[in-house]
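Just so it is clear: chains get the letters A, B, ... in the order the sequence lines come, proteins before strands, and each one is counted from 1.
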Amino acid sequence: MLDFRDVGADLEGYRAKLSRRPGFDDAVLDAVTALWTRRSDAIGRTQRLQEEKNTQGKAMKVLFQKGTDEEKAQARVAQRELSQAIKDADAEVLAVEGELVSLMLEIPNVPHPSVPEGDGEDDNKEVRQWGTKPSFTFTPKDHVTLGEGLGMLDFERAAKLAGARFVVEYDDLARMERALAAFMLDTHVREHGYREVAVPYLVNSTALTGTGQLPKFEEDQFRVPFSEATDYWLVPTAEVPVTNLYHDQILGPEDPSLPHAYCAHTPCFRKEAGSAGRDTRGLIRLHQFNKVELVRFEHPDRSYQALDELVDHAENILKKLELHYRVMLLCTGDISSNAAKCYDLEVWLPGQNRYREISSCSNFEAFQARRAKIRFKEEKKGKPRLLHTLNGSGLAIGRTLVALLEQHQLADGSIRIPKVLRPYMGGTEVVNSRL
RNA sequence: GGACGGAUGGCCGAGUGGCUUAAGGCGCUGGUUUGCUAAACCAGUGUACUCGCAAGGGUACCGAGGGUUCGAAUCCCUCUCCGUCCGCCA
């Protein structure tokens, strides 16, 4: 969320910056400015009425001891009228503010100047590549063929249990989900300095609003209809519970200094409402998948440096797993609504002959911090400022499994396990079929 | 699921309708005194909104939301969270 004061103070500046996003309708900005004025007027009125009522109220006690019955009655009527007037003015403030906030919640973040313009995916800029495409002396299979060939991926039974877009894994591939999570967490904790955290997989709508999934993307979220009164949603990513750890908090100078960096492993649940028919084969787009997520709370002055570090930490996992990938800088047409700047890591999938997103690393600047009220003070008496939040996948585990299967496949359909993962796989070097 | 008890500033804690502009203490910051440190003393110490060029005002906030009243931290209702016990349970 942007600050409507900033928008009102520099309407044309924001119009220009936000118009870099294709499809942004700037009419909403004029509505915001109009509401802002109405809000200020209404607040001014309420406060003047309050002041008057307080002044009169202080005189009441004396009056009730010494005044005549008639004076008392008059004062009572006057106060009652003031109370009513305050109530009315308050109601207007609330109504206008409600409208204003609901508009603000829908306005996307301002893209950083370094974000290239573009209409969509094809306009993203490749920043660098790491490694080379593996070459095969045979035609590489895709992960579904490989996994089913090993007898370790089972989409039919998953469909029986839950429906489309779920998977059942067995044996070494089931173990590899666990191994990858442990390997990634260990690396981020030991080598990159993140603090490991285990969080709830159900969150409330306040948390989802704080990180920006609500209200705009409600159709992507799984709501748990536990009862009328409860407000439970399955987490779409650990970003939500982890970022909201600091909800409504002011970090003081006595707190361990910024940055605060966390990593968490959770399943992620997504409706994939808008992607019917897309990526229906395999592990690429499921309703449930595992992910290790990195979340950072940063001083505004160094959040872009932190973004580079974050990308590096995610890349490091791919390097250790010996997976060829490229780094893409997303353009204004492909970047998410919350992010100011975003890099995607795209891993090479020989079975599909294309790169696929395996991590998305974003700087949200103050966009989430303003929604979730996350602030810090540099000095004890200083003014609280919004800090910057960042997060990135480190990495999506299901897609990592896909990449391992496809890039490290051998001619007979078995899979070579990269060295760093072997300790987590009981020393196994190759995944072989048990069939 | 049942019963009872709680929720007040950074922390502890007083407060049963107007003397609260939230006492008092701790902590913290600045100052005075002072070989150093400590102590003592003095002053300050939240958040949001709002008016103002500024200095500096004003308004709201005692878990949340409603209600009663001229007036609510205080009385009433609903909810949330925490604690203790009982039942059920991985």
Closest approach to the side chain of A:R375, judged atom by atom: which nucleotide of B:G58, B:U47, B:C49 is it? B:U47

Would you call A:R20-A:E117 a salt bridge at under 4.0 Å N-O? yes

Rounded interatomic separation in angstrom, taking CD from A:Q74 and C1' from B:G71: 18 Å

Should A:R5 be listed as having a side-chain N or O under 4.0 Å from OP1 or OP2 of B:U50? yes

Check the pair A:Y194, A:H313 against ring pair (Phe, Tyr, Trp, His ring centres under 6.0 Å), reporting the backbone distance first and the verdict last. CA-CA 10 Å; A:Y194 289 75; A:H313 297 152; 5.3 Å; yes

Are A:D26 and A:R15 close enough for a salt bridge, meaning some N to O gap below 4.0 Å? yes

Just the rounded figure in Å: distance from P of B:A48 to CD of A:Q47. 15 Å

Roughly how many Å is it from CZ in A:F4 to P in B:A48, rounded to a whole number? 13 Å

Determine the Euclidean distance between corresponding P atoms of B:G63 and B:U8; express it in Å to zero decimal places. 6 Å

Ring-plane angle category for A:F166 and A:H287, please: parallel below 30°, perpendicular beyond 60°, tilted otherwise. tilted

Counting only N and O atoms by type, is there a donor-acceptor contact under 3.5 Å from the side chain of A:S102 to the main-chain atoms of A:E99? yes

To the nearest angstrom, the CZ-C1' distance between A:R39 and B:A60 comes to 13 Å

Could you write out each protein N or O paired with an N or O of nucleotides 66-70 of chain B at a distance under 3.5 Å?
from: B:C70; atom 1: OP1; to: A:R80; atom 2: NH2; distance (Å): 3.3
from: B:C70; atom 1: OP2; to: A:R80; atom 2: NH1; distance (Å): 3.1
from: B:C70; atom 1: OP2; to: A:R80; atom 2: NH2; distance (Å): 2.8
from: B:C70; atom 1: O2'; to: A:Q79; atom 2: NE2; distance (Å): 3.3

Starting at CG of A:D41 and ending at C1' of B:U59, how long is that distance when rounded to a whole Å? 16 Å

Distance-only, no hydrogens or angles: does the A:N244 side chain make a donor-acceptor pair with backbone N or O of A:H247 under 3.5 Å? no

Give a yes or no on whether a salt bridge exists between A:R165 and A:D279, defined as a side-chain N under 4.0 angstrom from a carboxylate O. no

From CG of A:L49 over to P of B:U50, roughly how many Å is that when rounded to an integer? 17 Å

Review item, nucleotides 62-65 of chain B N/O atoms under 3.5 Å of protein N/O:
none

Pairwise P distance for B:G15 and B:G6, with rounding to whole Å: 13 Å

Rounded to whole Å, the CD1-C1' distance (A:I86 to B:U59) equals 10 Å

Tell me which of A:W36 and A:Q50 sits closer to the 5' end of RNA chain B, going by the nucleotide each one is nearest to. A:W36

Separation of B:G46 atom C1' from A:R385 atom CZ, nearest Å, is 19 Å

When you measure from the side-chain N and O atoms of A:R48 to the phosphate of B:C49, is any distance below 4.0 Å, counting only OP1 and OP2? no

What I want to find out is whether A:R39 reaches A:E97 closely enough, with some N-O distance under 4.0 Å, to be called a salt bridge. yes

Are more than 12 heavy atoms, taken from residues, nucleotides or ligands other than A:E218, located less than 6.0 Å from that residue's CD atom? no

